[in-house]
Amino acid sequence: MAKISFSQKIKNLFGIHPVKDESFFDELADILIEGDLGAKNVFDIVEKLQKHCRDLHISEEREIIAELKRMLLEFVKKVELAPDAEKVNVYLLLGVNGVGKTTSAAKLASFYDGMGKYNVVLAAADTFRAAAIDQLLIHGERLGIRVVAHQHGSDPSAVVFDAADAVASKGGGLVIADTAGRLHNKENLVRELQKIDRIASSKADAGCYKKILVVDGTTGQNAFRQAEVFHEAVGLDAVILTKYDSTAKGGIAAAIGHDLGIPVAFVCFGESYNDIRPFEPERYVDEFLGID
């Protein structure tokens with residue numbers, strides 16, 4: 001039997017509960033919790049929604065969904081990342097192993113390179129995994145984008161330093177740096193990231209340095225905990241949500257936006273280099289709720 005999608009469960013709920021009573025809102029809360037919004041957020045939303053529907057005598061599906069959408073849009077935060085072509089920009093990609101960080105770096109490089117106005121350089125700053133360096137070199141070759149890489153095991157901050165110098169020598173551009181994501185030893189990771197952070201901050205022009213967390217949209221509350229750790233370590237500017245096509249829920253973007261104040265910049269949704277797009281809050285909420 002095919003698994004019912006998250007948005008379909010919300011649609012089915014209205015058919016099961018023709019009367020929008022306490023049990024309807026209780027079940028709606030259960031479904032939204034499953035959608036990775038976070039229990040506290042869900043209870044706050046559903047309580048306000050129930051009061052709103054009661055006070056305004058709203059019982060139609062279309063009106064209830066519209067109000068729920070309005071509430072969720074208040075949770076979601078968006079940011080547009082626009083590098084200055086004539087300055088040194090450094091975008092540091094952070095995240096645990098397995099979330100698609102290296103692939104996202106390549107997609108991001110392809111996105112900005114495709115605009116035709118940026119000198120884009122990839123930096124292989126995940127020096128702890130030889131495979132990550134090799135993978136980024138392959139992406140760079142396929143895309144025709146320069147990759148700055150050092151030997152396996154070398155200082156990752158030195159890679160970022162050299163990549164920023166390479167961009168500066170051309171009069172400006174964008175460094176997209178892939179970094180290691182080992183969370184098994186948080187203390188070492190934080191110390192390492194803080195060193196890279198200092199170097200990147202010193203090499204980028206004012207206002208041109210961004211720390212971007214890559215999270216797997218299918219991992220739910222694990223993604224939220226990752227955001228907490230990285231945000232505490234270096235302070236995040238944005239999130240990239242990967243595997244957006246395979247997630248049946250993805251409410252984690254709203255939880256990260258509301259609880260941590262971190263906006264989403266991009267979503268990635270396939271295997272191709274072109275499968276990346278700027279985050280659109282309204283589209284995101286519509287897809288989350290199954291609004292056509």
Side-chain angles (χ1 to χ4, degrees), residues 81 83-110 112-113 118-214 226 229-238 240:
L81 300 179
D84 187 327
E86 297 178 357
K87 293 183 177 179
V88 176
N89 305 264
V90 178
Y91 287 3
L92 200 65
L93 263 57
L94 308 162
V96 301
N97 293 332
V99 296
K101 193 163 63 271
T102 305
T103 306
S104 295
K107 288 179 178 179
L108 204 58
S110 176
Y112 286 111
D113 185 62
Y118 295 115
N119 168 35
V120 180
V121 172
L122 283 160
D126 181 355
T127 58
F128 289 91
R129 291 191 308 128
I133 299 171
D134 293 341
Q135 188 183 353
L136 206 62
L137 287 166
I138 291 168
H139 286 314
E141 187 177 345
R142 288 174 178 168
L143 290 166
I145 292 173
R146 181 179 176 185
V147 179
V148 172
H150 290 188
Q151 287 185 329
H152 172 230
S154 58
D155 183 354
S157 59
V159 181
V160 175
F161 186 99
D162 288 352
D165 274 354
V167 161
S169 71
K170 298 288 186 181
L174 172 63
V175 172
I176 297 171
D178 185 23
T179 64
R182 305 164 303 144
L183 269 186
H184 64 270
N185 188 329
K186 181 180 165 185
E187 189 178 325
N188 282 355
L189 172 72
V190 168
R191 197 159 50 236
E192 175 190 301
L193 286 180
Q194 287 172 343
K195 182 180 179 184
I196 300 172
D197 181 38
R198 286 195 301 272
I199 295 296
S201 179
S202 70
K203 298 297 287 185
D205 283 317
C208 298
Y209 173 41
K210 304 296 178 186
K211 290 157 281 187
I212 306 165
L213 181 71
V214 180
Q226 290 159 23
V229 170
F230 283 97
H231 196 42
E232 183 184 326
V234 293
L236 298 170
D237 297 295
I240 293 176

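Values reported hereafter were calculated over all heavy atoms of this structure, with side chains retained and with hydrogens, waters and symmetry mates removed.
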Kindly say whether [Y] contributes a backbone atom to a donor-acceptor pair with the side chain of [X] at under 3.5 angstrom?
X      : Y      : value
Thr103 : Gly100 : no
Lys210 : Ala238 : no
Lys101 : Gly95  : yes
Asp237 : Lys211 : yes

Closest heavy-atom pair and its distance - [X], [Y]:
X      : Y      : result
Pro156 : Ala125 : CB-O, 3.1 Å
Ala164 : Val90  : CB-CG2, 4.5 Å
Ser104 : Val214 : OG-CG1, 3.8 Å
Leu236 : His231 : N-ND1, 2.8 Å
Asn119 : Gly172 : ND2-O, 3.3 Å
Val159 : Val148 : CG1-O, 3.5 Å

Report yes if some heavy atom in the side chain of Lys107 is under 4.5 Å from a heavy atom in the side chain of Ile240; otherwise report no.
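No - every pair of side-chain heavy atoms lies 4.5 Å or more apart.
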Val96 and Val229, any side-chain heavy atoms less than 4.5 Å apart
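No, every pair of side-chain atoms sits at 4.5 Å or beyond.
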Nearest-0.5 Å distance, [atom1] of residue [X] to [atom2] of residue [Y]:
X      : Y      : atom1 : atom2 : result
Arg146 : Asp113 : CZ    : CG    : 14.0 Å
Ser157 : Leu193 : OG    : CG    : 11.0 Å
Leu174 : Tyr118 : CG    : OH    : 8.0 Å
Asn89  : Leu81  : CG    : CG    : 10.0 Å
His152 : Phe128 : NE2   : CZ    : 8.5 Å

Is there a side-chain contact (heavy atoms from CB on, under 4.5 Å) between Val99 and Gln226? Walk through the geometry before answering.
CA-CA 11 Å; Val99 296; Gln226 290 159 23; 4.2 Å; yes
With a 4.0 Å cut-off on N to O distance, would you call Lys195 and Asp155 a salt bridge?
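Here Lys195 pairs with Asp155 in a salt bridge, since their nearest N and O are under 4.0 Å apart.
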Taking only residues two or more places apart in sequence or in another chain, which ones pass side-chain hydrogen bond (donor to acceptor under 3.5 Å, both in side chains) with Tyr209?
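Counting only residues at least two positions away or on another chain, Tyr209 forms a side-chain hydrogen bond (donor to acceptor under 3.5 Å, both in side chains) with Asp197.
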With side-chain hydrogen bond (donor to acceptor under 3.5 Å, both in side chains) as the rule and sequence neighbours excluded, what pairs involving residues 169-180 come up?
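Every pair satisfying side-chain hydrogen bond (donor to acceptor under 3.5 Å, both in side chains) with a residue in residues 169-180: Thr102-Asp178.
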Can you name the residues that form a side-chain contact (heavy atoms from CB on, under 4.5 Å) with Ala109, not counting sequence neighbours?
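Per chain and number, Ala109 pairs via side-chain contact (heavy atoms from CB on, under 4.5 Å) with Val120, Leu122, Ile145, Ile176.
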Tell me if the CD atom of Gln194 is crowded by more than 12 foreign heavy atoms within 6.0 Å.
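More than 12 within 6.0 Å, yes.
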